[in-house]
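Accompanying notes for the structure given below.
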Amino acid sequence: MTASIGIWAQGDSDGEVVLYRWEADQETGFVTLEVSTQRIRPAHGGGQPIGDLVFDPAVGEPSGGADGVNRRLFNQVVVAIMRAYRRDGKAPATAHAYYY
């Protein structure tokens with residue numbers, strides 16, 4: 001069975017903070033990417049952070065917590081966005097991931 005995560009920038013992907021919408025496993029959510037630091041946080045649809053959960057590439061793993069956030073999916077979304085960021089050299093417009 002193939003699984004996938006669809007990830008789309010909501011609006012301009014050239015800003016200082018980019019809001020992404022993701023869909024996977026019949027769940028949806030949002031994360032923000034702080035472009036200058038490459039930190040990724042779970043967020044509400046308006047871009048407000050949820051809890052203090054954050055992926056900081058300087059640390060290399062997520063820290064903190066956020067009630068109601070699926071940590072496994074958050075980690076998969078982070079990996080997909082960071083791969084696309086490294087590939088494109090900037091915040092990507094999309095960062096879809098496929099798992100087999």
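These numbers were taken from a predicted model, which means no experiment stands behind them. Hydrogens, waters and symmetry mates play no part in the numbers below; they use all other heavy atoms, side chains included.
Salt-bridge formation is detected for the pair Asp25/Arg72: a Lys NZ or Arg NE/NH1/NH2 atom is positioned less than 4.0 Å from an Asp or Glu carboxylate oxygen.
Summarising the local packing, CG of Asp67 is surrounded by 12 or fewer heavy atoms from other residues, nucleotides or ligands at distances under 6.0 Å. The environment of Arg83 atom CZ is sparse: at most 12 non-hydrogen atoms of other residues, nucleotides or ligands sit within 6.0 angstrom.
Leu19 and Val78 are not part of a single hydrophobic cluster, where members link through side-chain heavy atoms under 4.5 Å apart. Trp8 and Tyr85 fall into different hydrophobic clusters, where Ile, Leu, Val, Met, Phe, Trp and Tyr are joined by side-chain heavy atoms under 4.5 Å apart, directly or via other members. Phe30 and Val69 sit in two unconnected hydrophobic clusters of ILVMFWY residues. Membership requires side-chain heavy atoms under 4.5 Å apart, directly or through other members. Hydrophobic clustering of Ile, Leu, Val, Met, Phe, Trp and Tyr side chains at less than 4.5 Å, counting indirect connections, unites Phe55 with Leu53. Ile5 and Phe74 fall within a single hydrophobic cluster, where Ile, Leu, Val, Met, Phe, Trp and Tyr side chains are chained together by heavy-atom contacts under 4.5 Å.
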Exercise for review: Given side-chain contact (heavy atoms from CB on, under 4.5 Å), test Val18 with Val35 step by step and report yes or no.
Suggested key: CA-CA 7 Å; Val18 180; Val35 177; 3.9 Å; yes
**Study point:** Derivation and outcome, side-chain contact (heavy atoms from CB on, under 4.5 Å), residues Arg21 and Thr28
**Key:** CA-CA 7 Å; Arg21 180 175 191 265; Thr28 61; 3.9 Å; yes
Check your understanding: Taking it one step at a time, do Ile7 and Val77 satisfy side-chain contact (heavy atoms from CB on, under 4.5 Å)?
Key -> CA-CA 8 Å; Ile7 304 168; Val77 169; 4.1 Å; yes
Review point. Run the side-chain contact (heavy atoms from CB on, under 4.5 Å) check on Glu16 and Glu34 step by step: do they pass?
Key: CA-CA 6 Å; Glu16 293 180 26; Glu34 298 168 10; over 6 Å; no
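The backbone N or O of Arg39 lies less than 3.5 Å from a partner atom in the side chain of Thr37, making a donor-acceptor pair. Judged by distance alone, the side chain of Asp56 and the main-chain N or O of Ala58 form a donor-acceptor pair under 3.5 Å. When atom types are taken as modelled, the side chain of Asp52 and the backbone of Gly64 share no donor-acceptor pair closer than 3.5 angstrom. Not a single donor-acceptor pair under 3.5 Å links the side chain of Tyr20 to the backbone N or O of Ile81.
At a threshold of 4.5 Å between non-hydrogen side-chain atoms, the residues Pro62 and Val54 do not count as touching.
When all heavy atoms of His44 and Ile50 are compared, the closest pair comes out as NE2-CG1, 3.5 Å. Summarising the geometry of Pro42 relative to Ala66, their closest heavy-atom pair is CG-CB, 4.1 Å, with the distance given to 0.1 Å. In plain terms, the two heavy atoms of Thr32 and Gly47 that are nearest each other are CG2-O, 3.7 Å. Here the closest heavy-atom approach between residue Ala97 and residue Ala80 is recorded as CB-CB, 3.9 Å. What you find for Thr94 and Arg87 is that their closest heavy atoms are O-NH2, 4.4 Å. Closest heavy-atom contact between Gly6 and His96: CA-ND1, 3.3 Å.
Taken from CD in Glu27 to CG in Asn70, the straight-line distance is 5.0 Å, to the nearest 0.5 Å. Atoms OG and CD, from Ser4 and Glu23 in turn, are 9.5 Å apart once rounded to the nearest 0.5 Å.
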